[in-house]
Each structure stands twice: as structure tokens, then as C-alpha cells.
Amino acid sequence: MSQAQTAPEHLTPQSEDFSKWYAEVVQRAQLADHSGVRGCIVFRPYGYGIWEHMQRLLDRRIQATGHQNAYFPLLIPESLLQKEAEHVEGFAPQVAWVTHGGDKELEERLAIRPTSEAIIGAMYSKWIESYRDLPLLINQWANVMRWEMVTRPFLRTTEFLWQEGHTAHATAEDCQAEVLRMLEVYRDFVETDLAIPVHAGSKSDAEKFAGAEMTYSIEALMKDGYALQAGTSHNLGQHFAKVFDITYQDEQGKRQHVWQTSWGVSTRLIGGVIMTHGDDHGLQLPPHIAPVQAVVVPIWRKPEERAAVLPFLDRVREALVGRVRLQVDDRDQYSPGWKYYEHELRGVPVRLEVGPKDVAKGAVMSVRRDNRAKESIPLEGLGERLPALLEEVQAALFLAAREFRDRNTSTAATLEDLVRHFQEDGRRGFVALPWEGSAVLEAQIKEKCAATLRCIPLDQSRFAGMAPAGRRVALFARAY
RNA sequence: CGGGGCGUGGCUCAGCCUGGUAGAGCACCUGGUUCGGGACCAGGUGGUCGGAGGUUCAAAUCCUCUCGCCCCGACCA
């Protein structure tokens with residue numbers, strides 16, 4: 001492999017400079033490009049393709065749980081945004097404003113949505129009249145804008161793409177059930193399709209969404225040991241219902257405020273995939289979301305070999321059409337070896353080599369991206385074997401990521417232990433600490449070692465024995 | 001928003017200190033030989049040096065402003 005490392009095209013190793021590695025992968029795998037507008041990236045077809053597969057798989061789950069898609073406006077009148085005090089205060093520094101239409105100054109500034117609670121709340125107040133209108137379960141796929149000081153492709157950009165669910169319920173119990181239901185949808189989606197293991201839990205007051213009663217999140221661990229909030233689900237209580245006057249008449253004819261939730265995941269997940277699975281050879285995409293699940297690389301030396309291989313490629317295509325997202329890389333100007341590096345960089349889960357020897361056997365040689373295991377697959381069985389192989393890769397990526405996450409999760413008995421871990425030992429990862437909910441202690445920790453409370457896991461069973469009886473643990477980490 | 005670094009063909013950079021009419025490697029195009037882990041030879045295309053203003057006979061080079069990118073800190077999905 002010394003050749004790969006000395007080649008001018010080699011990636012900066014993760015261990016040398018993780019940020020640089022990340023930037024290079026994004027650029028060279030052609031996921032995204034800088035646009036010339038601060039913090040706004042262009043999603044190139046390959047990067048956008050990943051997002052489209054995420055959308056498809058998550059949207060299916062959102063709809064299966066009874067939600068409908070809708071679309072609300074990009075622009076929100078200032079007066080609307082200002083109604084919920086805590087909400088405004090939280091977002092004020094990050095809001096971009098439209099002040100002019102043509103060269104005429106507007107009477108009222110319009111915010112480019114940083115999130116849509118306000119405008120959706122205003123509409124819900126018109127739409128909801130009776131308990132028969134509840135629950136109201138709406139999701140929107142949209143772009144939002146938050147003026148960020150420091151940006152990184154996918155992880156934090158000024159404009160990003162996401163989905164935001166907004167629901168209204170008759171009772172606090174229904175509302176809380178929805179919050180947890182969607183958190184579980186996220187957990188299942190991220191673990192099953194993105195192969196990213198997460199901890200689902202609740203946030204502290206310091207970390208909760210501006211205007212929420214309670215925030216829940218799923219938290220992942222990146223390969224550099226930093227935590228990434230991968231999705232959030234908020235219990236908004238009646239805060240927005242009260243300021244936007246969202247009420248319904250119950251069975252007794254009594255007027256009540258609704259209980260609301262909101263929940264979202266964003267294109268940040270693409271960054272999560274990159275930093276969970278990527279290695280020194282580049283990207284590794286979980287097959288479920290890989291735009292190209294398998295790439296065919298034909299090989300020949302002599303014209304007669306070419307004549308034998310080329311028609312065989314059609315038979316490979318035929319065997320896999322409708323079963324596997326396949327790319328046949330028949331570009332003539334690159335050698336097979338060059339293509340191997342290219343597709344590894346782009347994270348294609350499986351490569352299929354088709355040369356004269358394979359054609360003679362009526363088979364293709366498959367090579368896994370994750371462990372480079374080779375397997376000769378006869379053409380007759382290819383249609384069944386390759387999808388199964390892709391599932392094996394998907395499962396292996398998840399297990400490897402979970403093993404890494406667990407290996408980088410430790411425990412601390414006291415504040416001092418925790419600070420020592422992050423500060424003096426310079427370690428990263430998750431640290432579980434017995435937790436009683438002291439905001440003062442949380443602030444101290446943040447100040448002393450820059451670690452924040454990522455979540456208080458809902459499932460405490462895996463931390464059994466770490467906290468005194470009756471006490472829970474909270475997970476701390478340095479975070480993106 | 002503070003501190004630091006950087007903007008020169010698509011990419012990585014040299015040239016800047018000490019002003020004198022823009023270079024290299026890779027990529028790209030053409031032709032030929034190649035192809036089971038980043039092929040080779042020959043010929044070729046491509047840059048108002050991030051932008052604006054200033055100094056000067058003359059600016060990639062010196063000065064001012066501005067925009068963008070990267071890294072480190074405070075805020076966030």
C-alpha cells in the first residue's frame with residue numbers, strides 16, 4: 001500500500017488531520033462544492049443522491065406513521081416570529097432577513113425561516129377547531145437558513161435541507177407519545193439505513209430547543225471521537241398553542257389549547273455518514289443509501305479479450321436490473337487500478353471485476369469496500385447473491401461502528417474524573433456520569449473541558465451498575 | 001465574532017521579500033501503444049494572478065479596502 005500513500009492523489013490520513021480528511025473526501029468524492037456564498041454549499045449529484053435515498057427511506061417511515069407532507073412558505077413575517085419569546089431569543093442571532101422587494105423597502109421585515117414553528121402555528125390556529133381535527137400530523141421537506149459563524153459542509157451550513165414534522169394533539173399524553181414515537185422512527189432509520197448506532201435520550205434544559213418543553217435527541221459518535229446530534233424530537237407543550245391561539249373544543253364543548261411536537265433531521269446526516277464510516281481510502285457508503293451500490297469494472301488486454309468481456313457486461317446488467325443500483329464503468333481512458341481507487345474514494349460498497357478469466361468461468365469477482373473480501377459469483381446466482389452481499393456489508397458497517405462507539409464509551413464517577421478524561425488525558429468519546437440534573441454542574445463541566453451533556457439515555461439498562469440505585473446516567477462528549 | 005493562515009489555468013503549488021509583459025507537476029484534448037491495484041510516449045488547449053481602489057514609466061509582486069476559503073476559540077441541527 002506504500003504506493004497508495006506516496007501517490008500524489010492520496011488522502012490526508014484521518015489520524016493526521018481529521019478535518020482535512022473530511023474536507024478532502026467531500027471535495028474529491030464530489031459530494032459538495034463551495035458556492036461562493038458564505039456557508040452555502042452546492043450539493044453535487046452524488047451528494048444529493050445520498051440525500052434523496054435518505055429522504056425516500058425516511059419519508060416512507062414518516063408516512064407509515066400517519067403523517068402527511070405539506071409545504072409552508074420560506075418567508076416568515078417578523079411579527080409572527082416574535083410571538084414566542086424564548087423561540088425568538090434562541091434564534092435571533094441566526095436569522096437572515098429580507099428587507100426589500102425590488103428597490104422598495106418592506107413595511108415589515110421577512111425572516112428567511114430558521115425553522116417553521118411560527119408560520120405553521122399561525123396556520124394551525126386557523127385549521128384546528130374541534131377535537132375531531134386532532135391529531136394533526138404534518139411533515140414538510142424544506143430548506144432553512146441559519147446564519148452561522150463557522151460552517152462545514154453538511155455538518156453546519158448556512159442553508160441546509162431537512163424535514164420538519166409539526167403535530168398537534170388533544171392531550172399532553174398523546175403529545176408525549178408522538179415525541180417518543182418519532183424519536184424511535186429516527187433511531188430505527190439512522191441505525192437501519194445509515195448504519196449509524198445512536199443513543200436516544202432527553203436533553204438538559206441548557207441544550208433543549210428554544211421554545212420547547214423538552215427535547216429528545218439521537219446522538220452518534222464520529223470517528224474522531226466527537227459526538228454528533230443526529231436528530232431531534234421536541235415536546236413543545238402548549239407554548240406555541242398559547243401564543244398562536246391554537247385551540248379546539250373538546251367533547252364537553254370546552255375550549256382547550258392543543259399540545260404540539262416538532263421533530264427534524266437534516267443534511268447533517270450526510271456528514272454523520274461520512275465521519276462514521278469513512279476511512280483512509282475515502283468514503284464508505286451504507287448500501288441502503290449508496291447512489292451506486294455496485295460498480296462493474298471491466299478488464300481486458302487484447303482486442304479479443306475486449307470482444308469477449310463487453311457482451312458479458314450486458315448479461316451482468318440484465319441479472320441485476322431492478323435489484324441493485326449498478327454502474328458499469330466502461331470508461332476507456334482509465335486503467336482498472338485507477339478505477340478501483342476512484343470508486344473506493346467514492347465509497348461504492350461493492351466492486352465487480354469482470355475480466356477474461358471471469359468471463360471464461362461465467363462469473364464476476366466481487367470485492368467488498370469495507371474489508372476487501374473477494375468472492376467469485378457465478379452469473380446465474382448473481383441476482384440473488386449480490387443483494388444479499390450488500391445486506392452483509394450494511395450489517396458489517398453497523399457492527400463496526402457500534403463496536404467503535406462502545407469502545408469509546410467510558411464511565412466517570414465524579415466531575416473530576418470526567419474533566420480528567422477530556423482535559424488532562426485529552427480523550428474523546430462518550431462518558432457516562434451519574435446524573436441528578438444539576439444545571440450548575442453541567443455549566444462547570446462545559447467550562448472546564450468543553451464537554452456537553454449530549455443526552456440522558458432513555459434506555460438506562462446498558463449503563464446498569466454505573467449509577468447508584470435509582471439514579472440515572474447522562475452521556476457527556478465533545479460535540480460538533 | 002476574536003486569533004492565525006491562505007487566495008496565481010480544473011487541482012496542488014512556485015514566483016512576491018528585492019516591481020520589468022506569468023511557470024511547474026497533475027488533470028484535460030488529439031494520436032498511438034496500454035489495461036487483474038493509481039500505465040507510457042509524442043503533440044496540444046487553457047490563467048485580465050479572488051475583487052475594487054491607490055502608488056509607479058511599469059504591479060501577481062508595494063499600500064488601502066473588500067469578498068471567499070481553511071485552522072483554533074465563544075454560539076448552533
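Below, read A as the first sequence line, B as the second, and so on, with proteins coming before strands; counting in each chain starts at 1. Source: prediction; values computed, not measured. Because only heavy atoms are used, hydrogens play no part in the values below, and waters and symmetry mates are left out as well, while side chains stay in.
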Can A/Gln176 and A/Tyr216 be said to form a side-chain hydrogen bond (donor to acceptor under 3.5 Å, both in side chains), step by step?
CA-CA 11 Å; A/Gln176 176 65 6; A/Tyr216 297 84; 2.8 Å; yes

Give a yes/no verdict on base stacking between B/G37 and A/Tyr340: centres under 5.5 Å, planes within less than 30° of parallel.
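Here the ring of A/Tyr340 and the base of B/G37 are not stacked, as the 5.5 Å and 30° limits are not both satisfied.
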
Protein-nucleotides 66-69 of chain B N/O pairs closer than 3.5 Å?
from: B/C69; atom 1: OP1; to: A/Gly39; atom 2: N; distance (Å): 3.2

Exercise: do [X] and [Y] side chains pair donor with acceptor under 3.5 Å:
X        : Y        : answer
A/Gln68  : A/Asn139 : no
A/Gln163 : A/Gln140 : no
A/Asn143 : A/Glu159 : yes

Separation between CG of A/Leu389 and CD of A/Gln293, rounded to the nearest 0.5 Å:
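Between atom CG of A/Leu389 and atom CD of A/Gln293 there are 11.0 Å.
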
Find the partner of [N]: check Watson-Crick (N1-N3 plus N6-O4 or O6-N4) and G-U wobble (N1-O2, O6-N3) distances, both under 3.5 Å, and reply none if neither fits.
N     : answer
B/G2  : B/C72
B/C28 : B/G44
B/A77 : none
B/U18 : none
B/A52 : B/U64

Considering only atom [atom1], compute the distance from [N] to [M] and round it to an integer number of Å.
N     : M     : atom1 : answer
B/C75 : B/C62 : P     : 38 Å
B/G73 : B/U12 : P     : 24 Å
B/G10 : B/G31 : C1'   : 23 Å
B/G44 : B/C26 : P     : 16 Å
B/C69 : B/C28 : C1'   : 25 Å
B/U30 : B/C71 : C1'   : 43 Å
B/G7  : B/G47 : C1'   : 14 Å
B/G5  : B/G9  : P     : 22 Å

If you look at every strand shown and take non-hydrogen atoms under 4.0 Å, does [X] touch a base, only sugar-phosphate, or nothing?
X        : result
A/Asp17  : nothing
A/Glu342 : base
A/Glu344 : base
A/Lys357 : base
A/Pro356 : base
A/Arg331 : nothing

Any side-chain N or O of A/Tyr334 below 4.0 angstrom from OP1/OP2 of B/C28?
yes

Given B/A39, is OP1 or OP2 found less than 4.0 Å from the side-chain N or O atoms of A/Ser335?
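Result: yes.
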
A/Lys83: salt bridge (charged side-chain N to carboxylate O under 4.0 Å, His left out) partners, not counting sequence neighbours:
none

Which of the following nucleotides, B/A39, B/G37, B/C28, is nearest to the side chain of A/Trp338?
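Nearest to the side chain of A/Trp338 among the choices is B/A39.
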
Among B/G37, B/G38, B/C35, which nucleotide sits nearest the side chain of A/Pro336?
B/C35

What one-letter contact string describes nucleotides 72-77 of chain B from 5' to 3', where B marks a base within less than 4.0 Å of any protein heavy atom, S marks contact via sugar-phosphate atoms alone, and - marks no contact?
-BBSBB

Are there more than 12 heavy atoms of other residues, nucleotides or ligands under 6.0 Å from atom CZ of A/Arg428?
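More than 12 within 6.0 Å, yes.
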
Once you measure the plane-to-plane angle for A/Phe18 and A/Trp21, does it fall in the parallel (<30°), tilted (30-60°) or perpendicular (>60°) bin?
tilted

Using a strict 4.0 Å threshold on nitrogen-to-oxygen distance, state whether A/Glu86 and A/Lys208 make a salt bridge.
yes

